[in-house]
Q: 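Below is one structure. I have some questions about it.
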Amino acid sequence: MTSSEAISNEQDAAKRNLWLHFTRMSAYEDSDVPVIVRGSGAYVYDQHGKRYLDGLSGLFVSQVGHGRAEIAEAGARQATELAYFPLWSYAHPKAIELAARLADMAPGDLNRVFFTTSGSEAVESAWKLAKQYFKLTGEPGRYKVLSRTIAYHGTSMGALAITGLADIKHAFEPLPPGGIRVPNTNFYRAPDFVAGDEVEFGGWAADEIERAILREGPESVAAVFLEPVQNSGGCFPPPPGYFQRVREICDRYGVLLVSDEVICAFGRLGYYFGSQRYEYQPDIITFAKGVTSGYSPLGGMLVSDALMEPFNAGTATFLHGVTFAGHPVSCAVALANLDIFEKEDLLGNVRANEAAFRSTLEKLYDLPIVGDVRGAGYFYGIEMVKDKVTRETFTDEESERLLRGFLSQALFDAGLVCRADDRGDPVIQLAPPLICGQEHFDEMEQVLRAVLTEAWTRI
Ligand SMILES: Cc1ncc(COP(=O)(O)O)c(C=O)c1O
């Protein structure tokens, strides 16, 4: 078989047998499914050998970059020694070692690690833990969860109930009851009465959490789920003082603060955990993605000593588990991944270069379509607008034509993996591997400049 025949057979099978996630399969009726075959550093390569800058770390995952043999070897060694054993009643050395290391890295008294295989499972687990904790501690009425509009917290039924994106929920309703929405921290779209002052805006957004707790009845509210920087909608950083005020509110009403760090942990914001950057103490941190840089799947939650306490006594048991959680290979891989963080000072790299990343992206402000550049660390969103002065956004039809009809494909064709997303207002998102530097920022800026200039002529 020639290599072009092999590629054609692969395309046929991809179209016939593979179901891509969150993807309109009909989009590939007349075009090829992109097949990424290998990666090296900050780049990936497709089946034709074409190179792409991985400006999204796959899906906010590949912190240390692609092709790290030492991580693959750590996984292979573990598979040879003990490929699998469950964490149901048993432990294995790599899960113990990783739990201790994560507890050491985490803020405050988050000393207990419950592993999962994914971010959705981590979020699901955190909600279940909150509910069971309150049942054990004499407040059985607390089951509701607050989260922010347009925030994404995963796709399993519980996590989807916490997710704030109406469009991806309708098909699956009714969802578990108790998911309540509060405003997000999109300062670019702040309501007029707080639009001029970020601190005032942050105070208002935090106080909306208090109002929601009071409206629902504090005795019914279990937890607030917040990302340090909200991904969906295009990287909304917290206004100064926001998390401190939220922490006070949670303490006042006995509500748990869950920091959903599935994206923001493991260096994305220049710290191991986003809550460390913004100096707040969560009761639970949920994590996944970057903990292994994607060399094997793993997620989990870090839980405070206080939350663990009722589960330490008598017959109490957290009635929850999944077969592959804390898989030995994934734990070995995570440890090797964290070794690279330390050896190469990846947190230091992000902190040293984040200002340059921002200012490189800010050069795009000279384009008429670029309304807002926002984010932190190696995690940025660029909001596109029809009118910079009025901040007018695109109609649904324009957004469909611009994002799906042109931008996503054009950026990919130009050699950049990033995300054009209109789950809120239309944004392009960038989250490169933490090994990146100025030459990668320049490459992103150049591709974006060319493609966004072309996009403007098509509106
Ligand atoms: C903040 C947040 N929570 C949860 C999830 C769900 O994680 P997963 O896709 O691993 O289930 C995601 C995924 O992107 C996320 O960004």
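Just follow the structure's listing: the first ligand is 1, and inside any ligand the first atom is 1.
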Q: What do you reckon, are the aromatic ring centroids of Y52 and Y45 less than 6.0 Å apart?
A: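 Ring centres of Y45 and Y52 not closer than 6.0 Å.
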
Q: What class does the angle between the rings of F187 and F201 fall in, given that below 30° is parallel, 30 to 60° is tilted and above 60° is perpendicular?
A: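 Ring orientation of F187 relative to F201: tilted.
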
Q: Does F172 have more than 12 heavy atoms from other residues, nucleotides or ligands lying within 6.0 Å of its CZ?
A: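 Atom CZ in F172 is not packed in, count stays at 12 or less.
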
Q: May I ask you to identify, for Y152, whether its side chain, its backbone, both or neither come under 4.0 Å of ligand 1 on a heavy-atom basis?
A: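 Both backbone and side chain.
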
Q: With heavy atoms of S118 as the reference, note each atom of ligand 1 found under 4.0 Å away.
A: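 Under 4.0 Å from S118, ligand 1 has these atoms: 10 (O), 11 (O).
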
Q: Do E210 and Y253 meet the criterion of a side-chain donor-acceptor pair at a distance under 3.5 Å?
A: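 A pair is found: one side chain offers a donor N or O, the other an acceptor, under 3.5 Å apart.
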
Q: So, is D260 polar-close to ligand 1, with some N/O to N/O distance under 3.5 Å?
A: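 Min N/O separation from ligand 1 is below 3.5 Å for D260.
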
Q: What atoms of ligand 1 come closer than 4.0 angstrom to any heavy atom of E227?
A: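 So the atoms of ligand 1 that pass are 1 (C).
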
Q: Quick one: does ligand 1 sit under 4.0 Å from the side chain of S120, the backbone, both or neither, non-hydrogen atoms only?
A: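 Contact part for S120 vs ligand 1: both backbone and side chain.
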
Q: Say whether E121 and T117, considering side chains only, have a donor N or O and an acceptor N or O under 3.5 Å apart.
A: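 Yes, side-chain donor-acceptor contact under 3.5 Å.
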
Q: Could you check atom 15 (C) of ligand 1 against the protein and tell me its nearest heavy-atom contact, residue, atom and distance included?
A: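 Here the nearest protein heavy atom works out to V262 CG1, 3.7 Å.
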
Q: Checking side chain to side chain contact (heavy atoms under 4.5 Å, CB included) against V145, which of L256, I162, V221 comes through?
A: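 Output: one option passes, namely I162.
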
Q: Would you mind listing which atoms of ligand 1 come within a distance below 4.0 Å of any non-hydrogen atom of G119?
A: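 Heavy-atom distances to G119 below 4.0 Å select 6 (C), 7 (O), 8 (P), 10 (O), 11 (O).
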
Q: Answer with yes or no whether the side chains of E261 and T286 bring together a donor and an acceptor at under 3.5 Å.
A: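 Absent: no donor and acceptor within the cut-off.
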
Q: For ligand 1, which atoms, with element, lie under 4.0 Å from some heavy atom of K289?
A: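 Under 4.0 Å from K289, ligand 1 has these atoms: 13 (C), 14 (O).
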
Q: Show me which atoms of ligand 1 lie under 4.0 Å from any heavy atom of I263.
A: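 That gives atoms 16 (O) of ligand 1.
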
